[in-house]
Engineer: 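The structure under discussion is supplied below as structure tokens; questions concerning it will follow.
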Amino acid sequence: MDRVSILLENGERKEVYSIFYLYNSKYYFIYTDCEIDENGYVVLHLVQVGKETQNTASGIVDTGNMVGIEIQTPDEWKSVQESITKIVDDKKNGTQSPEIQYLPISMLTNLRIVSKKTFRLLKGIITDDFKVPIPVEPAPENSTIQPIQPVMPQPVVAPVPIDISNITAPTPLVQPTEVVPTQSNEQVSEVQPLESNSNNDINDVIIDYRASFFEEQQKNIELQAKVDELTQKIESIKNLIG
């Protein structure tokens, strides 16, 4: 993951570990400040990236900045979760998914986060596969170390929605919102889609890479069962024919 400085929702500028990529002709940005939740998962965030423009009396003006906005529809968020799984697979196996185009972080200019989606990954994936050093918090002095008990991930409460009424988001990069009519001298910020050179036209979640493996394994078992069933039918027909 690349290190880059971004502007957070609260106005704080922070350096984070990140991945900037193109998927389904849309630009996405994953980042983390190495926060660990109560279950030992690493907290990451994802936004869709677009250009920031302003409506002025003389027309639309490109501010030269970029903004990151959370994905609005459940269907797109489900699709983007699949892209996260592909990225994890690439990092784990040293491969390059044909559906993911990794972009240089230098393409980002003054990225400002407006709102985001949050997800979690296993700490081992972040440290071993993404090569991000996660600081280890020292145990307090004179403290008694308790044995670690296995825990199951708990449902994560959805973050409080952030008001983005001052930003409009035309497709395809972000979902459109209503534009409030303004006076001719008033400036209104909005988001414009990034131009893609590619030919490819809820809530917080925990993405466990291992779940994908077991799901594919189960599909293979079901497929093999169907093949065996068809083979038996063919053999029965052959026996009847003689």
Engineer: What distance separates I134 CD1 from T127 OG1, expressed to the nearest 0.5 Å?
Structural biologist: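 The OG1 atom of T127 is 7.0 Å from CD1 of I134, to the nearest 0.5 Å.
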
Engineer: Please answer whether the main-chain N or O of E99 pairs with a side-chain N or O of Q101 as donor and acceptor at a distance below 3.5 Å.
Structural biologist: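 No.
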
Engineer: Does the pair S83 and I100 meet the rule for a side-chain contact (heavy atoms from CB on, under 4.5 Å), with working shown?
Structural biologist: CA-CA 7 Å; S83 78; I100 303 290; 3.9 Å; yes

Engineer: So, taking the atom named CD1 in I6 and the one named CZ in R112, what distance separates them when rounded to the nearest 0.5 Å?
Structural biologist: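 One gets 12.0 Å once the value is rounded to the nearest 0.5 Å.
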
Engineer: Please report the interatomic distance CD1(I125) to NZ(K91), rounded to the nearest 0.5 Å.
Structural biologist: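 Interatomic distance, I125 CD1 to K91 NZ, rounded to 0.5 Å: 13.0 Å.
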
Engineer: Is it true that the side chains of T63 and E52 contain a donor and an acceptor less than 3.5 Å apart?
Structural biologist: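 Side chains of T63 and E52: pair found under 3.5 Å.
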
Engineer: Using side-chain heavy atoms (C-beta onward) and a distance below 4.5 Å, is I71 in contact with K26?
Structural biologist: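 In short, these two side chains do not touch, never coming nearer than 4.5 Å.
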
Engineer: Does Y17 form a side-chain contact (heavy atoms from CB on, under 4.5 Å) with L44? I'd like the steps, not just the answer.
Structural biologist: CA-CA 10 Å; Y17 289 93; L44 300 97; over 6 Å; no

Engineer: Please verify the inter-ring angle class for Y28 with Y21; under 30° counts as parallel, over 60° as perpendicular, anything in between as tilted.
Structural biologist: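 Correct class here is tilted.
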
Engineer: Check for a donor-acceptor pair, side chain of D37 on one end and backbone N or O of N39 on the other, with a separation under 3.5 Å.
Structural biologist: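 Such a contact is found between D37 side chain and N39 backbone.
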
Engineer: Between N110 and G64, what is the shortest heavy-atom contact and its length?
Structural biologist: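 That closest heavy-atom pairing would be ND2-O, 4.4 Å.
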
Engineer: If we only count heavy atoms from C-beta on, is the F29 to L46 side-chain gap below 4.5 Å?
Structural biologist: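 Heavy-atom side-chain distance check fails, nothing below 4.5 Å.
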
Engineer: Can you tell me how far CG of D2 sits from OH of Y102, rounded to the nearest 0.5 angstrom?
Structural biologist: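 These two atoms lie 12.0 Å from each other.
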
Engineer: Quick one: does any side-chain atom of S115 pair with a main-chain N or O of I69 as donor and acceptor, under 3.5 Å?
Structural biologist: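 No.
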
Engineer: Which residue pairs pass the salt bridge (Lys or Arg N to Asp or Glu O under 4.0 Å) test when at least one of the two sits in residues 121-134, sequence neighbours left out?
Structural biologist: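 Sorted pair list: K92-D129.
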
Engineer: I need the I113 CD1 to K14 NZ distance, nearest 0.5 Å.
Structural biologist: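 Separation between the atoms: 12.5 Å.
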
Engineer: Between V16 and V4, is there a side-chain heavy-atom distance shorter than 4.5 Å?
Structural biologist: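 V4 vs V16: side chains touch.
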
Engineer: Within this structure, what is the CD-CD1 distance for the pair Q54 and I60, rounded to the nearest 0.5 Å?
Structural biologist: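 Atom-to-atom, Q54:CD and I60:CD1 are 11.0 Å apart.
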
Engineer: Between T53 and D62, does any side-chain donor sit less than 3.5 Å from a side-chain acceptor?
Structural biologist: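 No, D62 and T53 have no side-chain donor paired with an acceptor closer than 3.5 Å.
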
Engineer: Do you reckon L7 sits in the same ILVMFWY cluster as M66, going by side-chain contacts under 4.5 Å, direct or chained?
Structural biologist: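 Result: no, two separate clusters.
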
Engineer: Pick one: which of T95, D89, D90 meets side-chain hydrogen bond (donor to acceptor under 3.5 Å, both in side chains) with N93?
Structural biologist: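 The single option meeting the side-chain hydrogen bond (donor to acceptor under 3.5 Å, both in side chains) with N93 is D89.
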
Engineer: Run through E70, H45, E9 and flag the one making a side-chain hydrogen bond (donor to acceptor under 3.5 Å, both in side chains) with K116.
Structural biologist: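 In the set E70, H45, E9, the residue that makes a side-chain hydrogen bond (donor to acceptor under 3.5 Å, both in side chains) with K116 is E9.
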
Engineer: Test of understanding: clusters of I, L, V, M, F, W, Y form through side-chain heavy atoms closer than 4.5 Å, transitively. Do V47 and V43 belong to the same one?
Structural biologist: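 No, separate clusters.
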
Engineer: Might you point out which heavy atoms bring P133 and C34 nearest each other, and give the distance in Å?
Structural biologist: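 In terms of heavy atoms, the two residues are closest at O-SG, 4.0 Å.
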
Engineer: For the side chain of T85 and the backbone of Q81, is there at least one donor-acceptor N/O pair under 3.5 Å apart?
Structural biologist: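 Here the side-chain-to-backbone pair exists.
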
Engineer: Please walk me through it: do K86 and E82 pass salt bridge (charged side-chain N to carboxylate O under 4.0 Å, His left out)?
Structural biologist: CA-CA 6 Å; K86 295 178 189 297; E82 294 175 359; 5.9 Å; no

Engineer: Assess the residue pair V88 and F130 against the criterion (side-chain contact (heavy atoms from CB on, under 4.5 Å)); give the C-alpha distance rounded to whole Å, side-chain angles, the decisive distance to 0.1 Å, and a yes or no.
Structural biologist: CA-CA 8 Å; V88 171; F130 286 83; 4.1 Å; yes

Engineer: If you apply the rule side-chain contact (heavy atoms from CB on, under 4.5 Å), what do you find for F20 with V49, and how did you get there?
Structural biologist: CA-CA 9 Å; F20 185 36; V49 179; 4.1 Å; yes

